[in-house]
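Everything on this sheet refers to the single structure shown next.
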There are 2 protein chains.
Amino acid sequence: MLIGEVSKAAGMTPKTLRFYEEQGLLPPARRGPNGYRQYGDDSVIRLDFIARGRAAGLSVSQIRSILAAREAGNAPCAHVQDLLAGQLAELDLKIAELTALRAGVAASYEAVAAGNPSACDQSRVCSYL
Amino acid sequence: MLIGEVSKAAGMTPKTLRFYEEQGLLPPARRGPNGYRQYGDDSVIRLDFIARGRAAGLSVSQIRSILAAREAGNAPCAHVQDLLAGQLAELDLKIAELTALRAGVAASYEAVAAGNPSACDQSRVCSYL
DNA sequence: CTGCACCTTCCCCTGTGGGGGAAGGTCAAG
DNA sequence: CTTGACCTTCCCCCACAGGGGAAGGTGCAG
């Protein structure tokens, strides 16, 4: 299969596949006599895995480390579990940060809504923010 | 005051002040005979306002629009209120997205934790993700 | 005179995951 | 023969808010 076909099957663009190859998520593709990349069905499976990892918010380098473990002959499950645990911790942190920010913004919003624009201190640009 | 002094008073770096000037958040500074930027106390007040806006997650261009309204002689309160409302909506959306992602990642994490690594399908890289 | 701390402009760099588009080769169909 | 759809490499581009550092001017103290 050519790159366009495979990328379509995986729901990606040819650019993305070349990028993944360059980033080490895909092994360097076999080339046809014309220099075109040649792919087998296994590539689609690998790309699906990559897509699942991306959907879980894993970075390219994290996914690369999983694939490297699999290539080394180990079941990468323990490593995947570690990465997902880290991802959960990061998500919890980000959600907490955004929630705190939201609270502060909500307070400012209330202050502005309750304020009197004509009493807004010009020298402070806006008294209520 | 020179740029270093003002930036310190505002808790910023000189680089940031030059950046804000370039971005139109600060008017072009008066220059001394040596070409150095000269600031008055009002600059610190303006920078404090900018910092409050940034702390509320407003972008540079949003803050610029507030300052432009104030410069045009209008109390920017209504505009500030609109921007904060938009910011709240964006934060709610982001929090919802991250929460949904977190749920998906948690489900994958449970699956990996409950799975048997030696039964992990090699051809799928990892059956549990 | 020499250091040192400050200032100036200028241009590139950061992280992330690709996208845009140029210049050129290849292949099958009409 | 040409058209169109592929493919190749190459290099630059995006958001975002600055940071790093070079090369050079300025001002004051010792």
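Lettering of chains follows the sequences in order, A, B, ..., and the numbering in each one begins at 1. Just so it is clear, the values below take in all heavy atoms, side chains as well, and ignore hydrogens, waters and symmetry mates.
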Would you say [X] reaches [N]'s phosphate, i.e. side-chain N/O to OP1/OP2 under 4.0 Å?
{"X": "B:Asn34", "N": "D:dG25", "answer": "no"}
{"X": "B:Arg37", "N": "C:dC7", "answer": "no"}
{"X": "A:Tyr20", "N": "C:dG17", "answer": "no"}
{"X": "A:Arg31", "N": "D:dT9", "answer": "yes"}

For atom [atom1] of [X] and atom [atom2] of [N], their distance in whole Å:
{"X": "B:Leu58", "N": "D:dA17", "atom1": "CG", "atom2": "C1'", "answer": "14 Å"}
{"X": "B:Glu5", "N": "D:dG27", "atom1": "CD", "atom2": "P", "answer": "16 Å"}
{"X": "B:Tyr36", "N": "D:dG25", "atom1": "OH", "atom2": "P", "answer": "11 Å"}
{"X": "B:Met1", "N": "C:dC6", "atom1": "CE", "atom2": "P", "answer": "16 Å"}
{"X": "A:Gln23", "N": "C:dG19", "atom1": "CD", "atom2": "P", "answer": "13 Å"}
{"X": "B:Glu21", "N": "C:dC10", "atom1": "CD", "atom2": "P", "answer": "13 Å"}
{"X": "B:Glu22", "N": "D:dG18", "atom1": "CD", "atom2": "P", "answer": "12 Å"}
{"X": "A:Leu17", "N": "D:dC6", "atom1": "CG", "atom2": "C1'", "answer": "15 Å"}

In terms of side-chain heavy atoms of [X], which of [options] is nearest?
{"X": "B:Thr13", "options": "D:dC7, C:dG19, D:dG19", "answer": "D:dG19"}
{"X": "B:Thr16", "options": "D:dG18, C:dG18, D:dC7", "answer": "D:dG18"}
{"X": "A:Val60", "options": "D:dA17, C:dG17, C:dC7", "answer": "C:dG17"}
{"X": "B:Phe19", "options": "C:dT8, D:dG18, C:dG17", "answer": "D:dG18"}

Kindly check if the number of other-residue, nucleotide or ligand heavy atoms within 6.0 Å of CG (A:Asp41) is above 12?
no

Rounded to the nearest 0.5 angstrom, the CZ-OG1 distance for B:Arg54 and B:Thr16 is 10.0 Å

For B:Arg18, report the nucleic acid contact type (base, sugar-phosphate, nothing); a contact means any heavy atom under 4.0 Å. base

Is there a path of hydrophobic side-chain contacts, each under 4.5 Å between heavy atoms of I/L/V/M/F/W/Y residues, joining A:Ile50 to A:Val44?
yes

Got A:Leu83 and A:Ser65 here, is their nearest side-chain heavy-atom distance under 4.5 Å? yes

Of A:Lys15 and B:Pro14, the one whose nearest nucleotide on DNA chain C sits closer to the 5' end is B:Pro14

Q) Do the side chain of B:Arg64 and the main chain of B:Gln23 share a donor and acceptor less than 3.5 angstrom apart? A) yes

Taking for A:Ile3 and for B:Pro33 the nucleotide of DNA chain D with the nearest heavy atom, the one nearer the 5' end belongs to A:Ile3

